[in-house]
Amino acid sequence: MKQEHHPPPYNPTTVALPLNSLLGGPENWIRRIMTSRPTINTFDVFDTLIARRCVFPLAIFALVERKTAITGFAQARRQAEQKLLGRPYSFDDIYTELGKSFGVTYDNINLLKETEIEMEMENVIPIQENMDRVNDGDILISDMYLPETIIRGLLSKAGLRKEVALIVTNYGKHDGYIWKHILSDFSIRKHLGDNTHADGFRAREAGIETEITTSSQISAFEKIFFDIGFTALGELCREVRLKSWSAVAHERELQVTQIHMNFPILFFSSIILYKICKKLGKTRILFSSRDCHLWQKLFEAMFPGEFECIYYYTSRYAKTSGSKSYDQYSDRLITSQTMVVDLCGSGWSLEKMSESLSLDKIDVFFIHKMPKDRKYMQKSLSNKCNFFCVIENELSSYRNHLLEIANFSDHSMVKDIKSVNNAHCPIFFPETRSKEELSYVGIQIKTFNECIIKTRELNINDIIIHNASVHINIIQVFYKFLSGNSILHNVYAQNFFNENAEVENIIASTALT
């Protein structure tokens with residue numbers, strides 16, 4: 001018979017260990033946890049973790065004045081706070097002082113106070129690169145008149161989801177006394193802030209490692225718009241820059257390139273295109289694939305419902321080597337009411353295809369019209385195409401391949417079109433870009449789409465009214481910046497030129513036979 005074995009009965013006196021035994025050894029982890037001070041990071045709040053869309057704090061007061069229509073508020077609000085400087089004061093104290101000096105009713109004081117908080121909430125944006133550094137248990141410190149509940153509300157709206165402490169004082173960082181209080185219970189790994197005195201000097205004086213962030217400041221590219229009076233556009237670029245972030249250097253460069261270079265080029269090119277199409281009475285705009293997929297979305301956001309905007313499946317290969325079905329597709333789309341649009345090109349392939357189209361005249365718009373500098377382009381063609389452009393036959397200052405790369409789509413080159421039951425079915429070449437390259441394309445598209453979302457909030461008419469020469473000059477400036485972008489070139493250029501050479505060889509061999 002199989003003998004059964006039973007475990008001995010549970011006896012807590014023989015199993016449990018006394019606490020002093022658990023804490024006995026010098027290397028015991030429980031002892032270390034219970035006796036050591038928590039190590040944390042500390043962060044400033046305003047212009048470090050969050051910023052204002054309107055950039056400057058005093059601009060909030062001007063927005064309050066505009067919304068409430070209470071003339072003189074902005075100046076009175078500044079003066080009321082200045083009277084309280086040097087002693088502890090709160091948000092309510094400011095408005096109590098304002099009520100004494102500004103001579104407004106109790107109800108208006110409350111309205112102004114509520115509106116100021118509302119404007120702060122409407123204008124808050126995250127500084128994502130710094131937000132990403134905050135961990136549960138860190139401490140945020142703000143020398144600020146707004147109460148903790150409002151500051152937490154701003155942080156929450158900006159997307160902060162970490163469980164953090166928030167210390168709000170008037171002069172804690174500025175005078176330096178707050179560090180002694182924190183260091184009595186915590187070990188600070190590093191403090192991050194934007195003020196060289198309060199966040200830098202005072203923290204270092206307390207023996208804390210510090211880092212000063214300048215991310216909230218207007219960049220050199222954004223300053224161009226502020227300086228020429230396009231404030232809303234400068235604010236847009238700054239907001240998208242602050243909201244986006246990647247810790248991978250070249251990925252961040254791709255984001256910034258979209259915001260600071262590609263977006264302005266396409267934005268002002270859209271205005272020029274709009275004016276030309278309106279003048280010519282155009283009703284349809286064909287945005288050529290692949291380069292114009294971002295441009296079409298931006299144009300539609302800027303001028304919703306003004307034109308029939310169509311993504312035109314095309315390429316140099318399709319125009320010169322496509323089937324009869326492709327010519328029929330193009331012939332149906334290109335009418336006297338149509339403008340054909342592309343980023344750049346010589347126009348040769350369109351001229352070549354136009355010989356098969358029924359229309360006698362085709363209007364075409366390029367940002368950059370390239371010279372016909374290939375041998376096969378010298379062959380005489382029909383004179384059907386009428387070209388409009390911002391920059392013409394310029395090769396020394398502008399690198400058109402970088403403009404094309406900045407506008408890569410996530411689909412491959414169009415080979416042909418087949419019509420099935422009146423539906424146009426694009427046929428694409430096999431994709432030659434690597435998964436890594438396509439992931440970078442995704443970053444570009446996502447960043448540009450964020451610019452488009454904010455564009456819908458702009459008053460475009462404030463910018464359209466300027467002379468076309470202003471818009472052209474801006475395009476030229478930002479195109480030159482883009483032309484010197486080494487990151488774009490390093491990430492994409494090798495595959496781009498290999499693919500381009502293959503297409504060129506096919507077109508040349510066909511054209512010269």
Side-chain angles (χ1 to χ4, degrees), residues 19-52 57 85-91 120 124-217 242 245 247:
L19 183 60
N20 61 357
S21 174
L22 287 171
L23 299 179
E27 300 301 318
N28 190 282
W29 65 275
I30 294 181
R31 177 183 292 278
R32 293 199 301 274
I33 290 173
M34 294 182 69
T35 59
S36 64
R37 291 182 300 168
T39 300
I40 60 162
N41 290 314
T42 56
F43 297 86
D44 173 46
V45 177
F46 289 89
D47 293 326
T48 298
L49 299 181
I50 55 176
R52 295 175 175 92
L85 294 178
R87 62 182 189 269
Y89 65 95
S90 67
F91 188 56
E120 290 281 12
V124 68
I125 53 178
I127 303 177
Q128 200 60 50
E129 67 173 291
N130 295 335
M131 281 272 215
D132 286 352
R133 297 170 65 172
V134 179
N135 292 305
D136 294 328
D138 285 338
I139 296 178
L140 315 187
I141 316 162
S142 184
D143 286 356
M144 184 56 170
Y145 49 80
L146 289 174
E148 178 185 349
T149 54
I150 300 300
I151 297 175
R152 283 194 178 275
L154 292 169
L155 288 163
S156 177
K157 186 176 180 188
L160 185 66
R161 299 293 179 262
K162 299 297 184 179
E163 295 297 332
V164 294
L166 173 60
I167 300 172
V168 182
T169 71
N170 288 128
Y171 312 105
K173 287 192 292 113
H174 184 272
D175 291 348
Y177 66 79
I178 198 64
W179 301 117
K180 180 180 178 181
H181 297 312
I182 298 174
L183 288 171
S184 64
D185 292 304
F186 295 90
S187 175
I188 300 176
R189 187 181 297 109
K190 181 182 284 189
H191 175 70
L192 177 68
D194 71 298
N195 188 285
T196 54
H197 174 80
D199 298 303
F201 171 74
R202 286 301 193 187
R204 288 193 299 272
E205 190 178 50
I208 299 166
E209 182 183 351
T210 65
E211 181 181 341
I212 299 299
T213 176
T214 59
S215 297
S216 71
Q217 296 178 10
L242 293 179
W245 174 247

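Computed from heavy atoms alone, side chains included, the values below leave out hydrogens, waters and symmetry copies.
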Student: With a 4.5 Å cut-off on side-chain heavy atoms, are T169 and D175 touching?
Tutor: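 Counting from C-beta outward, D175 and T169 never come under 4.5 Å.
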
Student: If I take atom CD1 from residue I127 and atom CD1 from residue I50, how far apart are they, to the nearest 0.5 angstrom?
Tutor: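 Nearest 0.5 Å value for the CD1-CD1 distance: 8.0 Å.
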
Student: With the side chain counted from C-beta on, respond yes when I188 and W179 share a heavy-atom pair under 4.5 Å apart, and no when they do not.
Tutor: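 Contact flag for I188/W179 side chains = yes.
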
Student: Kindly indicate whether the side chain of E120, heavy atoms from C-beta on, has any atom under 4.5 Å from the side chain of L146.
Tutor: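 In short, these two side chains touch, coming nearer than 4.5 Å.
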
Student: Decide side chain to side chain contact (heavy atoms under 4.5 Å, CB included) for I151 and F46; before the verdict, give the C-alpha distance in whole Å, the side-chain angles of both, and the deciding distance to 0.1 Å.
Tutor: CA-CA 9 Å; I151 297 175; F46 289 89; 4.1 Å; yes

Student: Rounded at 0.5 Å granularity, tell me how far CD1 in I182 sits from OG1 in T42.
Tutor: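 It comes to 6.0 Å.
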
Student: Which pairs pass salt bridge (Lys or Arg N to Asp or Glu O under 4.0 Å) with one or both residues in residues 125-143, sequence neighbours excluded?
Tutor: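 Residue pairs with at least one partner in residues 125-143: R133-E211.
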
Student: I'd like to check the side chain to side chain donor-acceptor pair (under 3.5 Å) partners of T196; sequence neighbours left out, ordered by chain and number.
Tutor: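 Result, side chain to side chain donor-acceptor pair (under 3.5 Å) vs T196: none returned.
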
Student: Using every non-hydrogen atom in the two residues, find where H191 and D199 come nearest and quote the distance to one decimal.
Tutor: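 Smallest heavy-atom distance, with atoms named: NE2-OD1, 2.8 Å.
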
Student: Which heavy atom of S184 sits nearest to which heavy atom of R37, and what is that distance?
Tutor: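 Taking S184 first and R37 second, the nearest heavy atoms are O-CD, 4.2 Å.
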
Student: Which pair of non-hydrogen atoms, one from T48 and one from G193, has the smallest distance, and what is that distance?
Tutor: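 Scanning both residues completely, I find the closest heavy atoms to be OG1-CA, 3.4 Å.
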
Student: Can you tell me how far the CG atom of L166 sits from the CD1 atom of I141, to the nearest 0.5 Å?
Tutor: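 Spacing of CG (L166) from CD1 (I141) equals 9.5 Å.
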
Student: Closest approach of M144 and N170, non-hydrogen atoms and distance?
Tutor: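 Nearest heavy atoms, M144 then N170: O-ND2, 3.9 Å.
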
Student: Do any pairs count as a salt bridge (Lys or Arg N to Asp or Glu O under 4.0 Å) and have a residue in residues 38-48, sequence neighbours left out, and if so which ones?
Tutor: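 Sorted pair list: D44-K173.
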
Student: Answer yes or no: is there a side-chain heavy-atom contact under 4.5 Å between L140 and L155?
Tutor: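 Yes - at least one pair of side-chain heavy atoms lies under 4.5 Å apart.
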
Student: Sorted by first residue and then second, give each ring pair (Phe, Tyr, Trp, His ring centres under 6.0 Å) pair with at least one member in residues 150-173; sequence neighbours left out.
Tutor: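 For residues 150-173: none.
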
Student: Which heavy atom of A51 sits nearest a heavy atom of S216, and at what distance?
Tutor: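 Distance-wise, the nearest heavy atoms are CB-CB, 4.4 Å.
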
Student: Suppose the criterion is salt bridge (Lys or Arg N to Asp or Glu O under 4.0 Å): which pairs have a residue in residues 152-162, not counting sequence neighbours?
Tutor: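 Counting only pairs at least two positions apart or across chains, the salt bridge (Lys or Arg N to Asp or Glu O under 4.0 Å) contacts touching residues 152-162 are E148-R152.
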
Student: When rounded to the nearest 0.5 angstrom, what is the spacing between CG in N130 and CG in L242?
Tutor: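 It is 9.0 Å, given to the nearest 0.5 Å.
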
Student: Please tabulate, for side-chain N and O atoms in residues 202-210, each donor-acceptor pair with protein atoms closer than 3.5 Å (sequence neighbours left out).
Tutor:
unit_1	atom_1	unit_2	atom_2	d
R202	NE	H174	O	3.0
R202	NH1	E205	OE1	2.9
R204	NH1	T210	OG1	3.2

Student: Once rounded to the nearest 0.5 Å, what's the spacing between atom CG of L49 and atom CG of L154?
Tutor: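 Reported to 0.5 Å precision, the distance equals 12.0 Å.
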
Student: Please give me the minimum heavy-atom distance between V45 and S142, naming the atom from each residue.
Tutor: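 V45 and S142 have their closest heavy atoms at CG2-CB, 3.9 Å.
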
Student: Can you check whether K190's main-chain N or O pairs, donor with acceptor, with N41's side chain at less than 3.5 Å?
Tutor: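 Yes.
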
